[in-house]
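Report on the structure given below.
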Amino acid sequence: MIRFKHVITRTPSKTLIDGLTSANLGKPDYQKALDQHNEYIRALQQCDVEITILPANDQFPDSVFVEDTALCTPYCAIITRPGAKSRLNEIEIIEDCITQFYCNHVERISAPGTVEAGDIMMVGSHYYIGLSARTNQQGAEQMIAILSKYGLTGSIVTLDKVLHLKTGLSYLENNNLLATGEFITKEAFSHLNIIEIPEQESYAANCIWVNGNVIMPAGYPITKAKIQALGYNVIEVDTSEYRKIDGGVSCMSLRF
Ligand code: CIR
């Protein structure tokens, strides 16, 4: 059974209001987003992890979503190469912090590969990599080759409707997988215990398991009841301002 020791987050920048989005929910309110980020950190503080909080960076509106910039495994970290142009150079501002934790076990995705780690889901020593508008075939193949150097495995899954793989999926350990929409019936996950998240609560399919706790967005009672029924300690956080720019609870941290 894994245990996470570390979490990396980044304070949202004022420019967050200009984050990339496909949602039609209006612009985030910065003060509210900041309060919600603090609430997120308080939730993590209940999960027995050491939390690193990186400073806000105005140059990158989406830099609060640190998850996309690196894949942190137990043996190595892989700096990604985000497929969104405005996010590509976010890797420059995460690198030092990642190197502090992983020393010389830091790898990189190179051009023409693109990867955003929101497209990668860890299940034990296996990593599912979603091909999306942000993660391409070359990037996924490079990722699998790097993982294999460290005794880890990876495989590619396709996705059609959502931004990132983990927009519609969350692995909660103990064989339990939250899934919504296109992922409920995907062959690749049929060996797992699929917990179906109904369409009207699809945003809540993006949750995080942190040492026996599940942090989930507030306001999704069906999902909450299903997760609680599995025996997890559920911690709800309001992420309404992040939802407006296609972000959820997983995107806002790196956990390892
Ligand atoms: C983006 O479009 O890149 C951001 N507005 C949202 C990123 C969400 N990250 C994630 O799902 N891992």
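What you see below is based on every heavy atom in this structure, not just the backbone, and it leaves out hydrogens, waters and symmetry mates. One-based numbering, in listed order, for ligands and for the atoms of each. These numbers were taken from a predicted model, which means no experiment stands behind them.
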>> Angle between ring planes, Tyr242 versus His37, binned at 30° and 60°: parallel, tilted or perpendicular?
In response: tilted
> Is the closest side-chain donor-acceptor distance between Tyr150 and Glu107 under 3.5 Å?
Replying inline: yes
>> Tell me whether the NZ or CZ atom of Arg87 lies within the 45° cone about the ring axis of Phe60 and under 6.0 Å from its centre.
In response: no
> So does Lys224 pair up with Glu236, basic N to acidic O under 4.0 Å?
Replying inline: yes
> Out of Met1, Lys5, Glu173, Arg3, which one pairs with Asn211 under the side chain to side chain contact (heavy atoms under 4.5 Å, CB included) rule?
Replying inline: Arg3
Just the distances, no angles: every ligand 1 N or O to protein N or O pair closer than 3.5 Å, one line each.
from, atom 1, to, atom 2, distance (Å)
ligand 1, 2 (O), Arg134, NH2, 2.9
ligand 1, 3 (O), Arg87, NH1, 2.9
ligand 1, 3 (O), Arg134, NH1, 2.8
ligand 1, 5 (N), Leu20, O, 2.8
ligand 1, 5 (N), Asp62, OD1, 2.8
ligand 1, 5 (N), Ile245, O, 2.7
ligand 1, 9 (N), Asp68, OD2, 2.9
ligand 1, 11 (O), His164, ND1, 2.9
ligand 1, 12 (N), Glu67, OE1, 3.0
ligand 1, 12 (N), Asp68, OD1, 2.9
ligand 1, 12 (N), Asp68, OD2, 3.4

>> Salt bridge or not between Glu182 and Lys161? Use side-chain N to carboxylate O under 4.0 Å.
In response: no
